[in-house]
Amino acid sequence: MTSFNDLSADVIKDFQRNRDGRLSSRQWIALITEPLSALLLLSVPLIFLAGRYGPAGRLIVLALVAAFAITIAMRAWKFARVKLSYRVLFAEQVPARWRFWRRTVLMSKAGEPVRFERRLGSKRKLKAEQSLHVYYIESGGRRIMLNMLPRSHPDAEIAEPTSTFERAGGRLYAD
């Protein structure tokens with residue numbers, strides 16, 4: 001019986017979906033709503049200004065709401081069809097935690113650097129020369145890390161892909 005001692009229920013559910021080649025609903029929603037906070041922040045002054053122009057202002061706000069809806073729909077369509085990738089990667093050195101703006105860079109077995117623009121999963125402490133189970137997606141020329149778990153973790157078997165991973169369209173890297 002597995003203990004899952006330091007893994008939250010959400011992380012366990014994410015791994016259970018990822019190992020079958022699918023995004024969890026929590027990951028999917030996070031990917032869809034990624035640009036909305038920036039769009040909302042930028043549109044607040046426009047909404048205040050539009051309120052001063054009566055009916056024309058209401059049309060501007062309506063167009064803005066339609067643009068948000070279209071953005072969400074397009075991202076939902078895009079990420080509903082995304083293919084997950086699984087790879088065993090290595091933390092060559094321990095990244096400084098205070099450098100939170102830096103991209104996560106892990107190494108493949110062949111020594112090739114693999115850069116991640118963004119991380120959805122929890123920020124786990126890395127150790128130098130640590131081997132990791134990593135699930136990620138590639139979207140728009142960038143990699144987004146979904147989940148990562150050290151292979152030395154007591155519950156590491158929950159991070160290994162199942163036999164349905166490739167049938168669901170997932171990509172396994174042998175390196």
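Quick note: residue numbers are just sequence positions, from 1. Heavy atoms only: backbone and side chains are in, while hydrogens, waters and symmetry mates are out.
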Nearest heavy-atom approach of Met145 to Tyr136 is CA-CB, 3.9 Å
Other than Val44, what residues sit in its cluster of Ile, Leu, Val, Met, Phe, Trp and Tyr side chains whose heavy atoms are under 4.5 Å apart, directly or through others? Phe48
Correct closest heavy-atom pair for Gln27 and Leu120 would be O-CD1, 3.9 Å
Phe79: what forms a ring-ring contact (aromatic ring centres under 6.0 Å, His included) with it, not counting sequence neighbours? none
Within 6.0 angstrom of Arg52 CZ, more than 12 heavy atoms from elsewhere: no
I'd like a table of donor-acceptor pairs (distance under 3.5 Å, sequence neighbours excluded) in which one partner is a side-chain atom from residues 55-68, with atom names and distances.
none

Minimal heavy-atom distance between Phe15 and Ala159, with the atoms involved, is CE2-CB, 3.6 Å
Taking ILVMFWY side chains as joined if any heavy atoms are under 4.5 angstrom apart, and letting links pass through other members, which residues group with Ile70? Met74
So, using side-chain contact (heavy atoms from CB on, under 4.5 Å) as the criterion, who are the partners of Arg17 when residues are at least two apart? Arg22, Ser24
Are Met107 and Tyr135 connected in a single hydrophobic cluster, I mean Ile/Leu/Val/Met/Phe/Trp/Tyr linked by side-chain heavy atoms less than 4.5 Å apart? no
How would you list, by chain and number, every residue that makes a side-chain contact (heavy atoms from CB on, under 4.5 Å) with Glu166, sequence neighbours excluded? Leu172
Basic-acidic side-chain contact under 4.0 Å: Lys78, Glu34: no
